[in-house]
Amino acid sequence: MSDTVITIIAIFLATVLIFIFPLLSVAERSDDISQLSVQTATNEFVDNSRSIGKITMDNYTTLVTTISATGNTYDVEMELKVLDENIGKKSAWTQGQVIGENVYYSIYTSQIVDVLKKDGVYTMKEGDIFSVTVKNTNKTMSQSLRGIFYSVSGNDTYSIAAQHGGLVTATGSK
């Protein structure tokens, strides 16, 4: 009887070691490849948009198509902090240089996409700050397997994410 129980346990452990852990490893490598692809596409989109001073519908569509090719679904969040120069003058007894503080106000994804659908281009100006955050919204195979074995995967977790942003270096024109 004890030999049978030991044999069943050994078969179960062998099955786990032979099939499950390699499957988990392959799934994690797939997530790594997806992560690299999403990070690269996000960096290219943001850097291209910052350097030409505009966000085009073609570039946005290319970003969405590239990241969707990984087989996952993603939430793309864009934020543009528009420089609103609040210019004042120093008083008469000092130098006549312009003073004041620069204030930024934010434009978000839905507003940018609305303009892209209407005009095909969203122009930015030098000094604005543009950033994009991409997160997967579906549960990958790796997340599912980790959830089964480790019980660490929750509903709000994501395994593939990319973020990139920076200062716009050129004023775009339509």
Side-chain angles (χ1 to χ4, degrees), residues 27-91 95-144 146-147 152-174:
E28 287 180 358
R29 291 310 134 247
S30 176
D31 280 1
D32 289 345
I33 292 169
S34 295
Q35 170 68 35
L36 182 62
S37 176
V38 168
Q39 185 68 50
T40 302
T42 303
N43 289 352
E44 287 175 358
F45 172 68
V46 171
D47 289 342
N48 185 34
S49 298
R50 288 184 321 112
S51 66
I52 63 174
K54 57 187 172 182
I55 305 165
T56 64
M57 189 61 161
D58 290 339
N59 287 346
Y60 180 70
T61 304
T62 301
L63 170 69
V64 172
T65 304
T66 302
I67 63 177
S68 296
T70 63
N72 297 306
T73 56
Y74 296 92
D75 181 28
V76 178
E77 297 175 4
M78 294 183 283
E79 181 181 7
L80 176 63
K81 293 184 179 179
V82 178
L83 179 62
D84 183 24
E85 297 170 348
N86 182 13
I87 300 175
K89 289 275 187 183
K90 287 188 176 182
S91 60
Q95 299 176 15
Q97 296 176 346
V98 175
I99 65 163
E101 61 183 44
N102 291 333
V103 177
Y104 287 92
Y105 62 92
S106 293
I107 306 290
Y108 295 101
T109 306
S110 61
Q111 297 162 310
I112 294 171
V113 171
D114 287 345
V115 172
L116 287 177
K117 287 179 181 177
K118 181 182 170 196
D119 299 335
V121 65
Y122 190 97
T123 57
M124 302 179 286
K125 65 181 186 303
E126 188 175 353
D128 293 348
I129 300 172
F130 181 57
S131 63
V132 175
T133 303
V134 179
K135 296 178 185 175
N136 73 307
T137 56
N138 65 318
K139 200 167 192 176
T140 65
M141 182 187 289
S142 173
Q143 286 176 302
S144 298
R146 274 187 267 141
V152 295
S153 187
N155 292 337
D156 295 334
T157 61
Y158 54 87
S159 63
I160 303 169
Q163 183 174 7
H164 191 61
L167 196 65
V168 176
T169 58
T171 299
S173 60
K174 288 187 179 186

Just wondering, are more than 12 heavy atoms of other shown residues or ligands nearer than 6.0 Å to CE in Met141?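 No, because the 6.0 Å sphere around CE of Met141 holds 12 heavy atoms or fewer from other groups.
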Let me know which of Thr137, Val38, Leu63, Asn138 forms a side-chain contact (heavy atoms from CB on, under 4.5 Å) with Tyr74.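 It is Val38; the other options fail the test.
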Gap separating the [atom1] atom of [X] from the [atom2] atom of [Y], nearest 0.5 angstrom:
X: Arg29; Y: Ser34; atom1: CZ; atom2: OG; answer: 12.0 Å
X: Ile112; Y: Met124; atom1: CD1; atom2: CE; answer: 8.0 Å
X: Ile129; Y: Ser106; atom1: CD1; atom2: OG; answer: 9.0 Å
X: Ile160; Y: Asp32; atom1: CD1; atom2: CG; answer: 9.0 Å
X: Asp114; Y: Tyr122; atom1: CG; atom2: OH; answer: 10.5 Å
X: Glu28; Y: Ser142; atom1: CD; atom2: OG; answer: 4.5 Å

Which heavy atom of [X] sits nearest to which heavy atom of [Y], and what is that distance?
X: Tyr104; Y: Lys81; result: CD2-O, 3.4 Å
X: Lys135; Y: Ala161; result: CG-CB, 4.1 Å
X: Lys125; Y: Leu83; result: NZ-O, 2.5 Å
X: Thr66; Y: Thr62; result: OG1-O, 2.7 Å
X: Asp128; Y: Leu80; result: CB-CD1, 3.8 Å
X: Ser51; Y: Ala170; result: O-CB, 3.3 Å

Show the numbers, then the answer: is there a side-chain contact (heavy atoms from CB on, under 4.5 Å) between Val76 and Ile67? CA-CA 10 Å; Val76 178; Ile67 63 177; 3.7 Å; yes
Tell me whether [X] contacts the main-chain N or O of [Y] through its side chain, where contact means a donor paired with an acceptor under 3.5 Å.
X: Thr42; Y: Gln163; value: no
X: Asn136; Y: Ser159; value: yes
X: Thr40; Y: Ser37; value: no
X: Thr171; Y: Glu126; value: yes
X: Gln111; Y: Tyr108; value: yes

Show your working on salt bridge (Lys or Arg N to Asp or Glu O under 4.0 Å) between Arg50 and Asp47 and close with a plain yes or no. CA-CA 5 Å; Arg50 288 184 321 112; Asp47 289 342; 3.2 Å; yes
CA sep, side-chain torsions, deciding dist, call: Gln35, Asp31, side chain to side chain donor-acceptor pair (under 3.5 Å): CA-CA 6 Å; Gln35 170 68 35; Asp31 280 1; over 6 Å; no
Side chains of Val113 and Met78 in contact at under 4.5 Å (non-hydrogen atoms):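 Yes, side chains in contact.
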Mind running side-chain contact (heavy atoms from CB on, under 4.5 Å) on Asn59 and Lys54 for me, showing each step along the way? CA-CA 10 Å; Asn59 287 346; Lys54 57 187 172 182; over 6 Å; no
